[in-house]
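Predicted model, so just to flag it, every value in this text is computed and none were measured. Both counts, for ligands and for their atoms, begin at 1 and track the order of listing.
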Amino acid sequence: MIKGYVHQVVGKTPLIKIKSLSEMTGCEIFGKAEFLNPGGSVKDRAALGIIEEAERSGKLKPGFSIVEGTAGNTGIGLATIAAQKGYKCIIVMPNNQSQEKYDTLRALGVELVTVAPCPFANENHFYHTAKRIASERPNAFWANQFENTANYRAHYETTGPEIFYQMDRKVNAFVSSVGTGGTLGGVSKFLKECDKGIHIRLADPMGSGLYNYVKLGEITSSGSSITEGIGIMRLTANFKEAVDDAVQVSDQNMISMLYHLAEHDGLLIGTSAALNVYAAYQYALENKGSGKRIATILCDSALRYQSKVFNPEFLKEKGLTVQKVAHTFST
Ligand code: PMP
């Protein structure tokens with residue numbers, strides 16, 4: 001089918017059954033192939049939802065600039081759609097993300113602002129910097145993916161139903177990490193409305209406060225992670241749906257899964273996606289042989305991080321090795 005605009009090919013991604021892990025667990029594990037979106041990630045959906053709602057409400061008009069603070073993928077999503085619709089983009093990012101994202105954003109013609117990574121309370125955090133730039137520039141629209149609920153609505157209206165119907169309405173569990181919470185919030189709201197019994201599990205990297213929030217009711221964390229775009233130390237408007245449970249996934253288990261999927265399933269997926277799949281696999285091991293059907297999100301591609309995850313020097317520096325994925329799980 002021929003499409004006239006790039007935004008028309010956002011979403012409606014295939015759902016891939018992950019054969020190796022399904023066979024190892026006696027469950028069925030499915031990954032939503034979000035790396036096939038035009039900007040290469042799940043965030044294209046949120047970007048499109050935010051832009052279209054802002055156009056409808058009159059907050060975004062022809063000739064305006066779109067300003068956003070992002071770990072990169074939302075910026076890429078906004079920039080692909082903005083390029084085609086004729087908006088300028090000003091993207092604020094922490095300076096420790098993969099080189100591939102900065103290069104992609106520059107190719108898309110954005111004005112890139114980088115800031116040192118810092119806690120959210122610091123006024124120079126990318127979130128506050130983007131907000132400030134949007135208030136200082138004329139005709140600027142701040143996308144505000146963390147608090148703008150057009151983000152989770154995009155997933156409630158598209159990702160959730162796509163997963164449910166692609167799985168013939170037979171879903172036992174949905175597993176996802178959280179950056180803004182838009183994906184988990186929107187998909188889980190839709191799935192719970194279809195069937196309250198669908199288990200919703202948060203997959204959290206080390207250094208994120210949400211695992212302890214779900215388990216203990218307090219936002220505290222320890223450790224750190226090389227994953228990008230996920231893990232957060234506050235609650236957002238988009239992360240408001242109740243989850244049933246949470247697990248923490250170490251970088252070591254994440255990287256072993258990333259390489260396992262490349263070698264056994266031909267799937268080149270990014271770090272948050274590998275973390276998601278590890279958590280889905282863990283759920284399957286807990287329910288070994290039950291035939292349960294588990295969905296998760298393949299957020300973006302390993303190629304977006306190849307200068308890190310396919311770089312032996314980088315892995316060595318981080319103390320990570322490629323290990324065989326075990327038939328029993330470890331934390
Ligand atoms: N994975 C990657 C690679 C991301 O960039 C993001 C968004 N920052 C997420 C997962 C999480 O998505 P959400 O913002 O919907 O929670």
ask   = Can you pull the side-chain hydrogen bond (donor to acceptor under 3.5 Å, both in side chains) pairs that have at least one residue in residues 120-136, sequence neighbours excluded?
value = Y127-N144

Short N or O contacts of ligand 1 with protein, under 3.5 Å, listed by atom name?
from, atom 1, to, atom 2, distance (Å)
ligand 1, 1 (N), S272, OG, 2.6
ligand 1, 5 (O), N73, ND2, 2.9
ligand 1, 8 (N), G229, O, 2.9
ligand 1, 14 (O), K43, NZ, 2.7
ligand 1, 14 (O), T180, N, 2.8
ligand 1, 14 (O), T180, OG1, 2.6
ligand 1, 15 (O), T183, N, 2.9
ligand 1, 15 (O), T183, OG1, 2.6
ligand 1, 16 (O), G179, N, 2.7
ligand 1, 16 (O), T180, N, 3.1
ligand 1, 16 (O), G181, N, 2.9

ask   = If you look at every heavy atom in I81 and V6, which pair is closest and at what distance?
value = CA-CG1, 4.4 Å

Contact list for residues 249-258, test salt bridge (Lys or Arg N to Asp or Glu O under 4.0 Å), sequence neighbours left out = none

message = Whether the side chain of N238 engages the backbone of N148 through a donor-acceptor N/O pair (distance < 3.5 Å, no angle test) should be reported.
response = yes

Side-chain cluster (under 4.5 Å, hydrophobic types only) that V110 belongs to, other residues = I76, I91, M93, Y102, L105, L108, L112

request  = In plain terms, say whether E28 and R293 are close enough for a salt bridge, that is, a side-chain N and a carboxylate O under 4.0 Å apart.
outcome  = yes

